[in-house]
Amino acid sequence: MRIGEVAATAGCNIQTLRYYERRGLLQAPQRTLAGYREYPPDTVRLIRFIKRAQDLGFTLDEIEELLKLRDARGKRRGEVRSVAQAKMRDIESKVARLQAMHRALGGLIDVCASRRAGGSCPILAALNDPDDEPPKNGKG
């Protein structure tokens, strides 16, 4: 399969395939006499594996590790589980941070809504760093 066919069938763009190739996630394909890349048929399956792993939050570095474990043909199931558990902990940590951000922003929005027009905006005030304020006396 040529690069355009692989990209269309796998649901990605050509630049993505070239990037995966540079990163070593895909082996460099053989070239035709005219210089076209000729990918083996299982390349589409590999690209879809990578994309599904990304959808679950795995980074390309983690996916590279998963691909190595995948090539071991199930002999390293415990290692795969460990990688997945580490990713789950990472996701849980991100969810907790996002929930904290949601609460903080919601509180600022509530404060902003309860204030009358005039005065400083509590949202902008919360985003300002007091150390970034210019000196009040014009010296500095």
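All residue numbers in this chain count up from 1 along the given sequence. In this text the structure is predicted, and so the values were computed from the model without any measurement.
- For the pair Asn128 (side chain) and Leu124 (backbone), a donor-acceptor distance under 3.5 Å is present.
- A salt bridge does not link Asp55 to Lys51: none of the charged nitrogens lies less than 4.0 Å from a carboxylate oxygen.
- Atom-to-atom distance recorded for Ile47:CD1 and Leu25:CG is 8.0 Å, nearest 0.5 angstrom.
- Remark: Asp42 does not engage Arg48 in a salt bridge, criterion side-chain N to carboxylate O under 4.0 Å.
- For the atom pair CD (Glu21) and CD (Gln27), the distance works out to 10.0 Å, reported to the nearest 0.5 Å.
- In this structure, the side chain of Asn13 engages the main chain of Thr16 through a donor-acceptor pair within 3.5 Å.
- When atom types are taken as modelled, the side chain of Thr43 and the backbone of Pro40 share a donor-acceptor pair closer than 3.5 angstrom.
- At least one test fails for Arg2 against the ring of Tyr39: distance under 6.0 Å to the centre or angle within 45° of the axis.
- Neither side chain, Arg89 nor Ser93, offers a donor N or O lying under 3.5 Å from an acceptor on the other.
- Contact of the Met101 side chain with the Leu105 side chain is not registered, since no non-hydrogen atoms from C-beta on lie closer than 4.5 Å.
- Taking OH of Tyr36 as the reference point, atom CD of Glu38 lies at 10.5 Å (rounded to 0.5 Å).
- Atoms OG1 and CZ, from Thr32 and Arg37 in turn, are 11.0 Å apart once rounded to the nearest 0.5 Å.
- Here Glu79 pairs with Arg76 under the side-chain hydrogen bond (donor to acceptor under 3.5 Å, both in side chains) rule; sequence neighbours left out.
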